[in-house]
Amino acid sequence: MKIYNTLTKKKEEFVPVNPPKVRMYVCGPTVYDYFHIGNARSFVMGDMIRRYLLYRGYDVKYVMNLTDVDDKIIKRANELGEDPKKYAEKYIAEFFKDIDGLKVKRADAYPRATEHISDMIELIKKLEEKDVAYNVDGDVFYDVRKFKDYGKLSGKKIDELESGARIEINENKKNPLDFALWKKAKEGEPEWESPWGKGRPGWHIECSAMSMKELGETLDIHAGGSDLIFPHHENEIAQSEAATCKDFVKYWVHFGFLNIRDEKMSKSLGNFYTAREVLKKYPAEAVRLLFAQTHYAAPLNFSFELLDSAKKATERISSLAKTVTEKLASKNFGDEEYELNFEEFENKFRIAVDDDFNFPKGVAVIFDFVKAANREMQNKNLPKSFYENAKGFLERTAQDVLGIVDFNFQDEDKSTGGKQDELIKILIELRQKAKAEKNYALADEIRDKLSAIGIILQDSKTGTTYKIKS
RNA sequence: GGCGGCGUACCCAAGCGGUCUAAGGGGACGGUCUGCAAAAUCGUUAUUCACCGGUUCGAAUCCGGUCGCCGCCUCCA
């Protein structure tokens, strides 16, 4: 397996520190609002990578932080006259709703910043002891000049950054690039006791403290959006490696942006759709397929047209999944031979995705498979093993790894306790009679009227089936 | 100004020196199946990879230049 490592700017063979264990950390949300579809890309891609590692037999521990204390949260909460802690709490709940909506598997842990203040204080103390941090009247800063590798991830040089001079000048800092580890308490802000007086942690320190606490001093994979490379991840490296004298992360993985009309989608530009509003109109499978069809590191230009085509594509897979499932339930099998080589398809899928999580290529293998399976099933009475193998392949790849199909079909009819299904079957029966009497006008009327309310009838040699358009 | 990325058919997109007269998805058009549809299937839709040079027996893939687009350098997935 190969992974492109931002740190070395090369594709490298993936060798975890302690195989088969993989410790993976993905930067999570700052919970001050609903997340948008661009954020969703990172959460979904992190999820897919994790699922693929599981598929490949790794024992993955997957951790995502929740930033629940931060300038933006405090600002918003204060504007609304709410308690910042409660405000964050609310958006944590909303975060989980949207994550579930995207069919992202829950992480093994979601550490929260406010629950790890003491770990952060310990880490800052260590940095102070090592003389890479300095306290100015209750504000504690990291001294970037003391870390010789500063800039190794982003390829930036301290001198050039300084001359760039886009950084706000803070009188208390020795160097404009120094960043806050601990912020002195201000009126109307949450605060915690510390050796430097009351205050709250800086942003970067939480990821260092919590990831090391959950996963140990050296992580196998650390992922996040490309905009985090500098300064966030650069600073994480500085903090963690200065404290432990060990490599913080073996493989840095960064996701490309989701653009809209060729511009980065971001809250500050205001050009975003929330994941929630997208999920109202499109199933998670369509969103996930859209993401899976572009390499994770490349930019992806978002549009509803693309989602439409992704949705259509997922329907090809789910219709095969449905056919196979129904066939297995019917217990009606033949014994004709088939040529489809299931093992070969699975090998192709694995080889494709092993190469730096090339999901687009993996998706192509799945569609090749769909075509091949449909071709075999045409006018053939196939044995049970065919359907079992087809189901197995789709479950392992399209469902468990990519999440672009879901074999749980029975959800549509819960509210009516199956009565809707019976009703439709009665109509199909009546239409069948009309057809037998060559009363095509009536048969077509039944079909058209059902179609108008989103129930699509499909005739085939073995009878009529229906599907409900979402 | 510094650093990085990108430009492949109507749209999206894989491709990392030969198997590329270039995967896969969507769209369009035509055939099969069907009473008609739908679904499925078959076929067509880039001898060419922004442009110009170069390296090589051989380049979409490497190098140089030109044009265009984007990102990071400030909170941001």
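In the text below, chain A, chain B and the rest are named by the order of the sequence lines, each starting its count at 1. Keep in mind that what you see is a predicted model, and the values were worked out from it rather than measured.
At a cut-off of 3.5 angstrom, counting only N and O atoms as typed in the model, there is no donor on one side facing an acceptor on the other between the side-chain of Asp308(A) and the base of G26(B).
At the heavy-atom level, Asn379(A) lies nowhere under 4.0 Å from the strands shown. Lys371(A) comes within 4.0 angstrom of sugar-phosphate atoms only, judged by non-hydrogen atoms across all strands, and of no base.
Comparing Phe367(A) and His204(A) against RNA chain B, the residue whose closest nucleotide sits nearer the 5' end is Phe367(A).
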Show me, pair by pair, the donor-acceptor contacts under 3.5 angstrom made by side chains of residues 285-294 of chain A, not counting sequence neighbours?
unit_1: Glu285(A); atom_1: OE2; unit_2: Lys103(A); atom_2: NZ; d: 2.7
unit_1: Arg288(A); atom_1: NE; unit_2: Leu402(A); atom_2: O; d: 2.8
unit_1: Arg288(A); atom_1: NE; unit_2: Gly403(A); atom_2: O; d: 3.4
unit_1: Arg288(A); atom_1: NH1; unit_2: Asp47(A); atom_2: OD2; d: 3.0
unit_1: Arg288(A); atom_1: NH1; unit_2: Leu102(A); atom_2: O; d: 3.0
unit_1: Arg288(A); atom_1: NH1; unit_2: Lys103(A); atom_2: O; d: 2.9
unit_1: Arg288(A); atom_1: NH2; unit_2: Asp47(A); atom_2: OD2; d: 2.8
unit_1: Arg288(A); atom_1: NH2; unit_2: Leu402(A); atom_2: O; d: 3.2

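Paired with Asp355(A) under the rule salt bridge (charged side-chain N to carboxylate O under 4.0 Å, His left out), one option of Lys2(A), Lys11(A), Lys361(A) passes, and it is Lys11(A).
Look at Lys156(A) and you won't find any side-chain N or O under 4.0 angstrom from OP1 or OP2 of G2(B). Note on Arg375(A): every side-chain N or O is 4.0 Å or more away from OP1 and OP2 of A40(B).
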Detail all sub-3.5 Å separations between protein N/O atoms and N/O atoms belonging to nucleotides 10-20 of chain B.
unit_1: A14(B); atom_1: OP1; unit_2: His295(A); atom_2: N; d: 3.1
unit_1: A14(B); atom_1: O3'; unit_2: Asn358(A); atom_2: ND2; d: 3.2
unit_1: G15(B); atom_1: OP1; unit_2: Asn358(A); atom_2: ND2; d: 2.8
unit_1: C16(B); atom_1: N3; unit_2: Lys11(A); atom_2: NZ; d: 3.4

Each nucleotide N or O in nucleotides 37-39 of chain B that has a protein N or O under 3.5 Å away: list the pair and distance.
unit_1: A37(B); atom_1: N6; unit_2: Asp459(A); atom_2: O; d: 3.2
unit_1: A37(B); atom_1: N1; unit_2: Asp459(A); atom_2: N; d: 3.1
unit_1: A37(B); atom_1: N3; unit_2: Arg447(A); atom_2: NH1; d: 3.0
unit_1: A38(B); atom_1: O2'; unit_2: Gln458(A); atom_2: NE2; d: 3.4
unit_1: A38(B); atom_1: N1; unit_2: Asp459(A); atom_2: O; d: 3.0
unit_1: A39(B); atom_1: O4'; unit_2: Gln458(A); atom_2: NE2; d: 3.4

Measure all distances between protein nitrogen or oxygen atoms and nitrogen or oxygen atoms of nucleotides 59-64 of chain B, and list the pairs falling under 3.5 Å.
none

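Contacts with RNA chain B (heavy atom under 4.0 Å) in residues 223-230 of chain A: Gly224(A), Gly225(A), Asp227(A), Leu228(A), Phe230(A), listed by number.
Annotation: salt bridge (Lys or Arg N to Asp or Glu O under 4.0 Å) contacts of Arg56(A) (sequence neighbours excluded): Asp354(A). Scanning for ring-ring contact (aromatic ring centres under 6.0 Å, His included) contacts around Tyr52(A) gives Tyr55(A), with sequence neighbours left out. For the salt bridge (Lys or Arg N to Asp or Glu O under 4.0 Å) test, no residue two or more places apart in sequence or in another chain qualifies with Lys85(A). Contacts of Lys371(A) classified as side-chain contact (heavy atoms from CB on, under 4.5 Å), with partners at least two apart in sequence or in another chain: Arg375(A). In this view, Asp308(A) satisfies the salt bridge (Lys or Arg N to Asp or Glu O under 4.0 Å) rule with no residue, not counting sequence neighbours. Remark: Glu305(A) engages no residue in a salt bridge (Lys or Arg N to Asp or Glu O under 4.0 Å) (not counting sequence neighbours).
Base pairing annotation: U32(B) forms a Watson-Crick or G-U wobble pair with A40(B), both donor-acceptor distances under 3.5 Å. The pairing partner recorded for G7(B) is C67(B), the criterion being a Watson-Crick or G-U wobble arrangement whose two distances lie under 3.5 angstrom. Base pairing of A77(B): no nucleotide in any strand meets the Watson-Crick or G-U wobble criterion (both distances under 3.5 Å).
Salt-bridge annotation for Lys75(A) and Glu79(A): present, with a side-chain N of the basic residue lying under 4.0 Å from a carboxylate O of the acidic one.
Judged purely by distance below 3.5 Å, without hydrogens or angles, the side chains of Thr30(A) and Asp70(A) never pair a donor atom with an acceptor atom.
Between the side-chain ring of Tyr440(A) and the base of G35(B), a stacking contact exists by the 5.5 Å and 30° definition.
Relative orientation of the Tyr34(A) and Tyr91(A) rings is perpendicular, given thresholds of 30° and 60° on the angle between their planes.
Atom name P, nucleotides C73(B) and U66(B): the rounded distance is 27 Å, in whole Å.
Of the candidate nucleotides U41(B), C72(B), G27(B), C72(B) has the atom nearest to the side chain of Lys264(A).
Each side-chain hydrogen bond (donor to acceptor under 3.5 Å, both in side chains) pair with one or both residues in residues 149-158 of chain A, not counting sequence neighbours, appears once here: Tyr150(A)-Asn235(A), Lys152(A)-Glu241(A), Ser154(A)-Glu234(A).
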